[in-house]
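Just so you know, these numbers come straight off a predicted model, no measurement behind them.
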Amino acid sequence: MDSFVARRYLLLAFLLVLALVFQGSRGLYDRDETRYAEVAREMLVSGEYLIPQRDFRPHLTKPPLTYWALAASMKILGQNEWAVRLPNALAFALTAFVVGLIGEALWGRRGLWAGVIYATSLFPFAAANIVTTDTLLVLWETAAAWAFVKGYLSQRAERARVWFNLMWFFWGWGF
């Protein structure tokens with residue numbers, strides 16, 4: 001394995017440790033975290049995954065992807081703070097990694113530092129430690145930006161088309 005690939009793995013490992021270090025260390029905050037967790041819990045209880053529910057009535061204020069991620073995590077890890085916060089922590093780590101890939105595409109090896117800078121910035125790091133729909137949205141938007149950069153920099157039209165289609169796929173997941 002060349003040192004450049006090893007740096008990518010090292011960056012991803014660092015980001016995962018950073019994202020997971022405080023998960024489950026405190027109770028759920030305020031009405032937002034508890035509301036998202038409750039909607040996901042009700043998905044598990046009712047088996048209704050298509051229409052999110054709160055108090056077993058439709059709750060259509062946010063896209064369901066966050067609720068699906070929380071419900072899947074709670075199904076696997078149980079109903080606890082760790083399980084509820086895990087999807088956002090993973091989305092944060094992946095977002096920082098993709099920021100590093102964007103930096104790499106634009107500036108070569110030293111561009112991977114962009115991911116470290118993003119991950120150690122106050123607001124993204126704080127957002128990784130609370131349950132919010134924004135973290136997944138940022139992941140998909142960042143992935144779309146990465147696909148755009150890769151498509152724009154592609155030397156061949158066929159390759160660019162693949163990257164631009166991937167960009168639209170990521171936009172679709174985000175919205």
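Under a hydrophobic-cluster definition in which Ile, Leu, Val, Met, Phe, Trp and Tyr are linked whenever side-chain heavy atoms come within less than 4.5 Å, directly or via other members, Val99 and Leu122 are assigned to different clusters. Hydrophobic clustering of Ile, Leu, Val, Met, Phe, Trp and Tyr side chains at less than 4.5 Å, counting indirect connections, keeps Leu18 apart from Ile117. Linking Ile, Leu, Val, Met, Phe, Trp and Tyr residues whenever their side-chain heavy atoms come within less than 4.5 Å places Phe175 and Leu166 in a single cluster. The hydrophobic clustering, which links ILVMFWY residues whose side-chain heavy atoms are closer than 4.5 Å, places Val162 and Val98 apart. Note on Trp168 and Tyr152: same hydrophobic cluster, where clusters join Ile, Leu, Val, Met, Phe, Trp and Tyr whose side-chain heavy atoms are under 4.5 Å apart, directly or indirectly.
Closest approach of Ala105 and Leu153 over heavy atoms only: O-CD1, 3.4 Å. When all heavy atoms of Asn129 and Ala19 are compared, the pair lying nearest together is OD1-O, 4.4 Å. In terms of heavy-atom proximity, Arg159 sits nearest to Ser154 at CG-OG, 3.7 Å. Taking every heavy atom of both residues into account, Ile102 and Thr142 meet most closely at CD1-O, 3.8 Å. Heavy-atom minimum distance, Gly115 versus Leu15: O-CD2, 4.1 Å. Across Val84 and Met74, no two heavy atoms sit closer than the pair CG2-SD, 3.5 Å.
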Does the pair Leu86 and Ile76 meet the rule for a side-chain contact (heavy atoms from CB on, under 4.5 Å), with working shown?
CA-CA 11 Å; Leu86 182 62; Ile76 294 167; over 6 Å; no

Show your working on side-chain contact (heavy atoms from CB on, under 4.5 Å) between Leu90 and Leu16 and close with a plain yes or no.
CA-CA 7 Å; Leu90 294 176; Leu16 286 170; 3.9 Å; yes

Pair Phe164, Phe148 - check side-chain contact (heavy atoms from CB on, under 4.5 Å), show working.
CA-CA 6 Å; Phe164 290 140; Phe148 172 79; 3.6 Å; yes

Run the numbers on Ile130 and Asn88 for side-chain contact (heavy atoms from CB on, under 4.5 Å), then give the verdict.
CA-CA 7 Å; Ile130 60 173; Asn88 274 9; 5.6 Å; no

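A salt bridge links Arg41 with Glu38: the distance from a Lys NZ or Arg NE/NH1/NH2 to an Asp or Glu carboxylate oxygen falls below 4.0 Å. The pair Arg110-Glu104 does not meet the salt-bridge criterion, since no charged nitrogen lies less than 4.0 angstrom from a carboxylate oxygen. Using a 4.0 Å cut-off between a side-chain N of Lys or Arg and a carboxylate O of Asp or Glu, Glu33 and Arg26 qualify as a salt bridge.
A 4.5 Å side-chain heavy-atom check between Thr66 and Pro87 finds every atom pair outside the cut-off. The shortest distance between side-chain heavy atoms of Phe56 and Val45 falls below 4.5 Å.
Considering only residues two or more places apart in sequence or on other chains, Trp163 meets the ring pair (Phe, Tyr, Trp, His ring centres under 6.0 Å) condition with Trp146. Under the salt bridge (Lys or Arg N to Asp or Glu O under 4.0 Å) criterion, Arg31 pairs with no residue at all, not counting sequence neighbours. Residues satisfying the side chain to side chain contact (heavy atoms under 4.5 Å, CB included) criterion with Leu50, sequence neighbours excluded, are Glu48.
The number of heavy atoms from other shown groups lying within 6.0 Å of CH2 (Trp113) does not exceed 12. A 6.0 Å sphere centred on OH of Tyr49 holds more than 12 heavy atoms belonging to other residues, nucleotides or ligands. For Phe123, the CZ atom counts as loosely surrounded, since its 6.0 Å shell holds 12 or fewer non-hydrogen atoms of other residues, nucleotides or ligands.
The backbone N or O of Asp55 lies less than 3.5 Å from a partner atom in the side chain of Glu42, making a donor-acceptor pair. Under a 3.5 Å cut-off, the side chain of Ser73 and the backbone N or O of Ala83 do form a donor-acceptor pair. Put simply, the side chain of Thr132 gets close to the backbone of Asp134: a donor and an acceptor are under 3.5 Å apart.
Note that the OH atom of Tyr36 and the OG1 atom of Thr133 stand 4.5 Å from one another [nearest 0.5 Å]. In this structure, OH on Tyr118 lies 5.0 Å from OG1 on Thr95, to the nearest 0.5 angstrom. Between Met43 atom CE and His59 atom NE2 the span is 10.0 Å, to the nearest 0.5 Å. Rounding to the nearest 0.5 Å gives a distance of 5.0 Å between CG of Leu136 and CG of Leu65. Atom CZ of Arg85 is separated from atom CG of Leu28 by 5.0 Å, given to the nearest 0.5 angstrom. One finds the CG atom of Leu101 at 8.0 Å from the NZ atom of Lys150 (value rounded to the nearest 0.5 Å).
Below 30°, between 30° and 60°, or above 60°: for Phe92 and Phe125 the angle between ring planes is above 60°, a perpendicular geometry. Ring-plane geometry between Phe169 and Trp173 is classed as perpendicular, the angle between the planes exceeding 60 degrees on a 0 to 90 degree scale with a lower cut at 30.
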